[in-house]
Amino acid sequence: MKQIPDRIYATPQEQVADFVFNEAVVRVFPDMIKRSVPGYPTIVENIGVIASQFARPHSALYDLGCSLGAVSQALRRHVQAEDCRVVAVDNSSAMVERCREYLHAQDSMFQELLPVEVLEADICQLEFQPASVVALNFTLQFIPREQRLQLLGRIRQALLPGGALILSEKLRFADAEEQELLTDLHIAFKRANGYSELEIAQKRSAIEHVMKPDSLEEHRERLLAAGFSKVIPWFQCLNFASLIALP
Ligand SMILES: C[S@@+](CC[C@H](N)C(=O)[O-])C[C@H]1O[C@@H](n2cnc3c(N)ncnc32)[C@H](O)[C@@H]1O
Ligand SMILES: O=C(O)C(=O)C[C@]1(C(=O)O)C=C[C@@H](O)C=C1
């Protein structure tokens with residue numbers, strides 16, 4: 001993927017608007033997410049590895065809130081189960097358009113990749129097909145809190161025995177000292193990746209009303225309430241984590 005540098009918050013803005021996944025964000029997204037989310041490349045690649053253990057023949061593999069399809073590409077690189085297909089879904093038309101281009105480019109570079117379709121849709125309104133793998137990679141945090149349980153319940157209903165949900169999220173922490181330390185370290189991570197204090201502060205204002213992280217305990221309780229039987233954290237880097245939830 002092209003890596004145009006993210007300079008969206010580099011100049012002072014009189015009033016920082018709420019963050020949206022628009023064309024300006026799409027252009028710089030690969031650079032933005034890699035420099036903002038500690039462990040992102042490791043998480044994406046290993047979602048492919050984990051999915052290859054859970055994928056069942058003749059089933060769908062969902063990439064919900066796919067953005068530019070990084071997870072879909074990893075699923076297609078790693079999963080070899082028979083007659084599986086990847087369904088990538090996002091409600092940002094700018095993301096969906098570019099995602100389709102990237103996945104076509106992947107098709108032309110490799111042979112025998114799983115088929116993929118990219119849907120422009122709201123994942124809260126989606127009719128799920130029987131699925132063996134569902135990935136929510138930094139997407140649930142953008143869904144209004146009151147809709148999260150219902151969405152997870154519908155995903156749980158669609159999951160086949162032996163399948164899994166892979167859920168990656170920014171975390172918040174009930175313990176004030178832990179919250180402060182990991183927030184400071186995340187800021188240090190962004191600084192080390194070349195973001196200025198202004199960029200860090202303006203991005204924080206932009207996302208604070210649209211992205212609402214939960215704690216690990218809140219995720220675990222909600223997943224169990226949605227009908228999952230077990231929640232297994234497999235990755236954490238600073239305040240970003242990824243979980244496997246089993247049906
Ligand atoms: C942080 S990005 C996800 C990153 C991506 N999964 C990856 O691994 O590169 C969040 C994405 O979720 C999408 N999104 C947010 N709410 C959504 C909804 N209700 N339905 C579908 N997509 C949604 C946004 O448009 C955005 O592309
Ligand atoms: O928490 C932050 O400061 C972020 O920038 C995180 C985050 C995310 O987790 O999705 C927010 C928006 C962008 O999509 C990239 C990264």
Side-chain angles (χ1 to χ4, degrees), residues 1 6 8-9 16 18-48 51 62-75 86-99 102-103 118-126 128 134-148 150-152 154-155 166-172 179 182-191 193 195 199-214 235 237-242:
M1 288 187 187
D6 168 25
I8 289 179
Y9 297 102
V16 181
D18 280 350
F19 187 82
V20 275
F21 292 96
N22 57 17
E23 183 55 44
V25 168
V26 165
R27 261 198 302 277
V28 300
F29 191 71
D31 179 69
M32 169 188 279
I33 195 151
K34 209 173 63 193
R35 288 164 67 210
S36 301
V37 176
Y40 174 78
T42 306
I43 292 172
V44 169
E45 202 56 33
N46 282 290
I47 286 177
Y62 280 97
D63 176 7
L64 301 180
C66 60
S67 296
L68 299 177
V71 167
S72 294
Q73 291 201 20
L75 294 173
V86 175
V87 184
V89 188
D90 206 288
N91 67 351
S92 153
S93 55
M95 283 291 187
V96 164
E97 192 181 322
R98 197 66 61 86
C99 181
Y102 283 139
L103 290 169
V118 186
L119 306 178
E120 184 179 336
D122 178 351
I123 58 173
C124 297
Q125 307 293 330
L126 199 67
F128 289 100
V134 177
L136 275 167
N137 204 37
F138 304 108
T139 300
L140 193 67
Q141 59 200 7
F142 291 100
I143 302 296
R145 273 219 180 84
E146 64 278 9
Q147 294 179 31
R148 292 179 190 178
Q150 201 203 16
L151 171 62
L152 294 175
R154 289 173 47 253
I155 291 171
I166 307 166
L167 173 64
S168 311
E169 290 273 290
K170 186 179 191 179
L171 295 180
R172 65 171 174 173
Q179 174 68 26
L182 292 177
T183 303
D184 286 351
L185 289 175
H186 181 222
I187 290 171
F189 170 88
K190 286 194 168 185
R191 215 179 269 135
N193 282 319
Y195 282 122
E199 287 176 291
I200 293 168
Q202 294 194 135
K203 175 76 176 285
R204 192 177 62 179
S205 309
I207 62 176
E208 72 184 348
H209 302 299
V210 291
M211 180 182 135
K212 307 266 187 187
D214 294 320
F235 184 90
C237 185
L238 306 181
N239 45 352
F240 289 78
S242 190

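Indexing begins at 1, ligand by ligand and atom by atom, following the structure's order.
By the criterion of a heavy-atom distance under 4.0 Å, neither the backbone nor the side chain of L68 is placed next to ligand 1. Residue contacts with ligand 1 for A135 are absent, since no atom lies close enough (heavy atoms, distance under 4.0 Å).
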Which N or O atoms of ligand 2 sit under 3.5 Å from a protein N or O, and how far apart is each pair?
unit_1	atom_1	unit_2	atom_2	d
ligand 2	1 (O)	K170	NZ	2.7
ligand 2	3 (O)	K190	NZ	2.5
ligand 2	5 (O)	K190	NZ	3.2
ligand 2	5 (O)	K203	NZ	2.8
ligand 2	9 (O)	Q141	NE2	3.1
ligand 2	10 (O)	Q141	NE2	3.3

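Looking only at protein heavy atoms, the nearest one to atom 23 (C) of ligand 1 is N91 OD1, 3.1 Å. The shortest contact between atom 5 (C) of ligand 1 and any protein heavy atom is with G65 O, 3.5 Å. Of all protein heavy atoms, the one lying nearest to atom 7 (C) of ligand 1 is Y40 OH, 3.4 Å. Of the protein's heavy atoms, N137 ND2, 2.9 Å lies nearest to atom 8 (O) of ligand 1. In this structure, atom 1 (C) of ligand 1 lies nearest to the protein heavy atom F138 O, 3.2 Å. Here the protein heavy atom with the shortest distance to atom 2 (S) of ligand 1 is S67 OG, 3.2 Å.
Under the salt bridge (Lys or Arg N to Asp or Glu O under 4.0 Å) criterion, no residue pair touches residues 134-143, with sequence neighbours excluded.
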**Request:** Kindly indicate, with the supporting measurements, whether the criterion side-chain contact (heavy atoms from CB on, under 4.5 Å) is fulfilled by V87 and F128.
**Result:** CA-CA 10 Å; V87 184; F128 289 100; over 6 Å; no
Which donor-acceptor pairs under 3.5 Å do the side chains of residues 34-44 make with protein atoms, sequence neighbours left out?
unit_1	atom_1	unit_2	atom_2	d
K34	NZ	Q3	OE1	3.0
R35	NE	N193	O	2.8
R35	NH1	D31	OD2	2.7
R35	NH2	N193	O	3.2
S36	OG	M32	O	2.7

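Residues passing the side-chain hydrogen bond (donor to acceptor under 3.5 Å, both in side chains) test with D214 are R145, R148, R222, sequence neighbours excluded.
In summary, of the residues considered (I47, L136, L140, T139), a side-chain contact (heavy atoms from CB on, under 4.5 Å) with S168 occurs for I47 alone.
Note on ring orientation: taking the six-membered ring where Trp is involved, the planes of F21 and F19 are perpendicular (angle over 60°, cut-offs 30° and 60°).
Where the criterion is an N or O separation shorter than 3.5 Å, residue side chain and backbone included, D90 meets it with respect to ligand 1. Polar contact check, D122 against ligand 1: a nitrogen or oxygen pair lies under 3.5 Å apart. Among the atoms of I123, some N or O lies under 3.5 angstrom from an N or O of ligand 1.
Of the possible donor and acceptor atoms, one in the side chain of R172 sits under 3.5 Å from a partner among the backbone N and O of P213. With Q202 contributing its side chain and V16 its backbone, the two residues share no donor-acceptor pair below 3.5 Å.
For S168, the heavy-atom gap to ligand 1 stays at 4.0 angstrom or more.
Between K170 and Q141, the shortest heavy-atom contact is N-OE1, 2.9 Å. V210 and F142 get closest at one heavy-atom pair: O-CD2, 3.6 Å. Here the closest non-hydrogen pair linking I166 and S242 is CG2-OG, 3.8 Å. Here the closest non-hydrogen pair linking G65 and I123 is N-CG2, 4.3 Å.
By the neighbour-count criterion of 12 heavy atoms within 6.0 Å, atom CD of E97 is sparsely surrounded, having that number or fewer from other residues, nucleotides or ligands.
Shown in contact with V71 at under 4.0 Å from a heavy atom are these atoms of ligand 1, numbered in order with element: 8 (O). Contact atoms of ligand 1 toward A121: 20 (N), 21 (C) (distance under 4.0 Å to a heavy atom of the residue). Short contacts between ligand 1 and S92, defined as distances under 4.0 Å to a heavy atom of the residue, involve ligand atoms 25 (O).
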